[in-house]
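Working notes, beginning with the structure itself.
Basis for what follows: all heavy atoms, side chains included, without hydrogens, waters or symmetry-related copies.
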Number of protein chains: 2
Amino acid sequence: MTDPRAVRSRDAILAAASSLLLDEGPGALTHQRVAEQAGVGRATVYRHWPRPEQLLLDLMTDVDMPYFQEPEAPIHPWLHSQLRELADAMAVPHIAAVTLTLMQGALWDPNVATQRDACLEILNERLEAALALAAANREIDISVDPIDFSAILVGPIIYRVAIQAGSVSDHFIDQLIDGLGRWAVRSIRGPDQPERSSRHHESPRP
Amino acid sequence: MTDPRAVRSRDAILAAASSLLLDEGPGALTHQRVAEQAGVGRATVYRHWPRPEQLLLDLMTDVDMPYFQEPEAPIHPWLHSQLRELADAMAVPHIAAVTLTLMQGALWDPNVATQRDACLEILNERLEAALALAAANREIDISVDPIDFSAILVGPIIYRVAIQAGSVSDHFIDQLIDGLGRWAVRSIRGPDQPERSSRHHESPRP
DNA sequence: ATTCTATGAGACGATTTGACTCAAAGACGA
DNA sequence: TCGTCTTTGAGTCAAATCGTCTCATAGAAT
């Protein structure tokens, strides 16, 4: 599997599949179209990926997740920079296409669901580390569920880019981070800024 | 087009397509499979929907958007109930499937994108009305972009349900609404509760 | 130079697609 | 109730596609 011919074919096929997915969506990922787009024989595509879904899965595996690594204190500017990078990546049409395909594919293909869960697990671990660091620096008042944390931070960005088809301004990111202050953070700007008592859990639970 | 036979066929086909979309995804929506699932002739499906994409589009048109209608003051419990309904609807697998299909299809099909934009436009108008009412009742301090408003409220719910495949607790909704207080709302619980000065726009803009 | 492997081209039956015909059942007006 | 009109279901048919196969050839490894 280190044969230069094999890696050449594999790369050409992946590039062709990526281009097709971007231009025409997952429905266009047939062996025939991928083969002619890649300039390889149809049988070659079958050899590498007997089922088209596996090709799609490999496409999604290739996108890595360099976000929320190595948390830094204070947490506010770090979060801002990480969310900025995430938003910029989602603005690339190919990334958005793969992300939405992953989300949708997980509804029916258990393998895709596993793939998606792996991505989320990484995200959760990193955000948990970030929250631990922030707590150690007395930036955070109470323990926050990293799953809620990621949903509240990442959800609006996905929504803005993928659903509203809009761009993510720095002001928008600021709003997101500022919103955290209400229920989770003692002083999001650092431990030197005192804040009155948290209103967390004050709201009624019907 | 009011012929009972035609509406019978049309309903059976739509139901079959809906079931297929839910069980196996948009890729399963071929004339053949829809016809046999609906128990109608294959030519009948062609007669009603010459292209399978139109069938998919009609499926998505059928889901209505009864959310954020008729805003009430105070805005907090109203928002909570509306987000609760939205989350419960998204928890129905069929709704989530159609929603994700709509999101993904909009990336490549301009007609689907138009459909999506129409949904968003409705949402924006309703949230704008809600914000206007809240401002009139002195619940809101500054003018808020309803587009940002919906992204920050709805984004996390979509993310929680469709990406994290989790359920939306009332506590989660509370966190969302409480987060608004930091940058937009004078007192989210009503005009009788005074709040200190808003920290909006205090954050640096790199 | 020789051996091994991946490739590309093509053949093949099976399946799907889209468009057509046609008899029969059902809906509607008189 | 009867006659007319429309929709339907079943079927045919060519074209395209799919999945699998064979085989000669180019390229890689030794």
Side-chain angles (χ1 to χ4, degrees), chain A residues 1-62 101 104-105 108-112, chain B residues 1-62 101 104-105 108-112:
Chain A
M1 59 193 64
T2 61
D3 193 322
R5 295 169 296 179
V7 303
R8 241 195 327 265
S9 297
R10 184 188 154 89
D11 290 349
I13 291 171
L14 279 178
S18 173
S19 163
L20 275 176
L21 174 66
L22 177 57
D23 292 340
E24 306 183 40
L29 283 190
T30 68
H31 285 121
Q32 182 132 323
R33 300 218 48 195
V34 171
E36 62 191 29
Q37 175 91 13
V40 303
R42 195 162 60 95
T44 305
V45 186
Y46 274 97
R47 251 188 297 273
H48 286 267
W49 290 275
R51 322 286 318 168
E53 309 102 68
Q54 300 169 349
L55 176 55
L56 193 57
L57 208 59
D58 279 12
L59 271 187
M60 299 188 286
T61 311
D62 277 3
T101 302
Q104 200 200 19
W108 301 284
D109 189 336
N111 297 317
V112 179
Chain B
M1 58 192 65
T2 61
D3 193 320
R5 294 168 297 177
V7 302
R8 242 196 324 266
S9 298
R10 182 187 155 90
D11 289 350
I13 291 171
L14 278 178
S18 173
S19 164
L20 276 175
L21 175 65
L22 176 58
D23 291 340
E24 307 183 40
L29 283 189
T30 68
H31 284 123
Q32 184 133 316
R33 300 218 48 194
V34 171
E36 63 191 29
Q37 175 90 15
V40 304
R42 195 163 60 93
T44 305
V45 186
Y46 275 97
R47 251 188 297 272
H48 285 268
W49 290 275
R51 324 284 319 167
E53 310 99 59
Q54 300 170 349
L55 177 53
L56 192 58
L57 207 60
D58 278 13
L59 270 188
M60 300 187 286
T61 311
D62 277 3
T101 303
Q104 200 199 23
W108 302 285
D109 189 334
N111 297 318
V112 179

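- Between the CG atom of A:Asp3 and the P atom of C:dA6 there is a distance of 6 Å, rounded to whole Å.
- Counting heavy atoms from C-beta outward, B:Trp49 and B:Leu57 have side chains that stay 4.5 Å or more apart.
- The nucleotide whose nearest atom lies closest to any side-chain atom of A:Ala6 is, among C:dT7, D:dA29, C:dG18, C:dT7.
- Nucleotides of DNA chain C nearest to B:Arg42 and A:Val40 differ in position, and the one nearer the 5' end is that of A:Val40.
- Across the protein-nucleic acid pair, B:Glu53 atom CD and C:dT17 atom C1' stand 13 Å apart, rounded to whole Å.
- Phosphate contact (OP1/OP2 of C:dA25, side-chain N/O of B:Arg5, threshold under 4.0 Å): absent.
- A sub-4.0 Å separation between OP1 or OP2 of D:dT20 and a side-chain N or O of A:His31 is absent.
- The side-chain heavy atoms of A:Leu59 and A:Leu29, taken from C-beta on, include a pair separated by under 4.5 Å.
- Between A:His48 and C:dT7 there is a side-chain polar atom (N or O) within less than 4.0 angstrom of OP1 or OP2.
- Summarising the geometry, the separation between CG on A:Asp11 and P on C:dA6 is reported as 16 Å, rounded to the nearest angstrom.
- Phosphate proximity of D:dC18 to A:Gln32: present, with a side-chain N or O under 4.0 Å from OP1 or OP2.
- No contact: A:Arg10 has no heavy atom under 4.0 Å from any strand.
- Between B:Thr44 and D:dT8, a side-chain N or O to OP1/OP2 separation shorter than 4.0 Å is absent.
- Counting non-hydrogen atoms under 4.0 angstrom, A:Arg8 reaches the backbone sugars and phosphates but no base.
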